[in-house]
Amino acid sequence: MRESLASRGCVIFVGNLPGDVREREVEDLFIKYGRIRHIDLKTPPRPPAFSFVEFEDPRDAQDAARGRDGYDFFGNRLRVEMSRGARDRGPPPAPPTFRGRGTGFRVLIKGLPISASWQDLKDHFRSIVKPAYTNVYRERGGVLGVVEFDTREDLERAIRKLDDTEFKNPFDRAYIRVVDESDDRGNRSRSRSPRGRSGLCMLYMGLFRV
């Protein structure tokens, strides 16, 4: 997929396709919106499948993204959006609502490739620690991952071992950042500060003791 075409707004991403979908079926979904130049269908070993569809006219791509996003395709609710690099018109989307297990020990994963799935994210993390919950949210311009853990110790180990590491799946690879978004992260930082000030006072007392 040529980057120049994506930057012109001619390419859409189609996610949550059935694992046995065929290229002709993807074409039938979008042919009514305009002339299609190319379809790049990806069928990983584990569903869902996804595809990139390239139109000749960026206006047709925009119409297709609006018209097919949320469409029920053989029981699969499609996720259709402009591919990363496409021109972004209008206000930015609202932040996604994270509905995890509610453990409170949560990290956000930034820098994921657009092909990343929640299964890929789970595989990446369980090489170090078992996650309680994983999910991915597709936004304009990229993919955001969410991972929850049962304990803070698991969360901190994951950050130490996996922040700024290479994430890869059968289609892409990228370096990711793992950011602490736990419910208690503010309390922890505030609870540490009095100890820091107390230690600093003791240091001064020792320096000026006569």
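Just so you know, these numbers come straight off a predicted model, no measurement behind them.
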Please enumerate all residues that pass side-chain hydrogen bond (donor to acceptor under 3.5 Å, both in side chains) together with [X], with sequence neighbours excluded.
X: E27; answer: none
X: N76; answer: none
X: S115; answer: N169, D172
X: D164; answer: none

Presence of salt bridge, [Y] and [X], under 4.0 angstrom:
X: D60; Y: R37; answer: no
X: R106; Y: E181; answer: no
X: D40; Y: K42; answer: yes

Pairs touching residues 66-77 that satisfy salt bridge (Lys or Arg N to Asp or Glu O under 4.0 Å), sequence neighbours left out: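 Pairs touching residues 66-77 that pass the test: D63-R66.
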Euclidean distance, H38 NE2 relative to C10 SG, rounded to 0.5 Å: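 Answer for the SG-NE2 pair, C10 versus H38, is 13.5 Å.
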Inter-residue atom distance Y33.OH - I12.CD1, 0.5 Å rounding: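 The CD1 atom of I12 is 9.0 Å from OH of Y33, to the nearest 0.5 Å.
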Which residues satisfy the salt bridge (charged side-chain N to carboxylate O under 4.0 Å, His left out) test with [X], sequence neighbours excluded?
X: R160; answer: none
X: R157; answer: none
X: D123; answer: R46, R126

Working for side chain to side chain contact (heavy atoms under 4.5 Å, CB included), residues V179 and V107: CA-CA 5 Å; V179 181; V107 295; over 6 Å; no
Ring geometry between F149 and F125 (parallel below 30°, tilted from 30 to 60°, perpendicular above 60°): tilted
Partners passing ring pair (Phe, Tyr, Trp, His ring centres under 6.0 Å) against F167 (at least two apart in sequence or in another chain): H124
Using side chain to side chain contact (heavy atoms under 4.5 Å, CB included) as the criterion, list what pairs up with [X], not counting sequence neighbours.
X: R35; value: E56
X: T134; value: W118, L121, K122, P131, V147
X: K130; value: none

Hydrophobic cluster membership, V143 vs Y175, 4.5 Å side-chain cutoff: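 Different hydrophobic clusters.
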Heavy-atom side-chain proximity of F50 to V14 below 4.5 angstrom: no
Under 3.5 Å: donor-acceptor pair, side chain of E156, backbone of E153: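 Checking the backbone N and O of E153 against the side chain of E156, no donor-acceptor pair under 3.5 Å is found.
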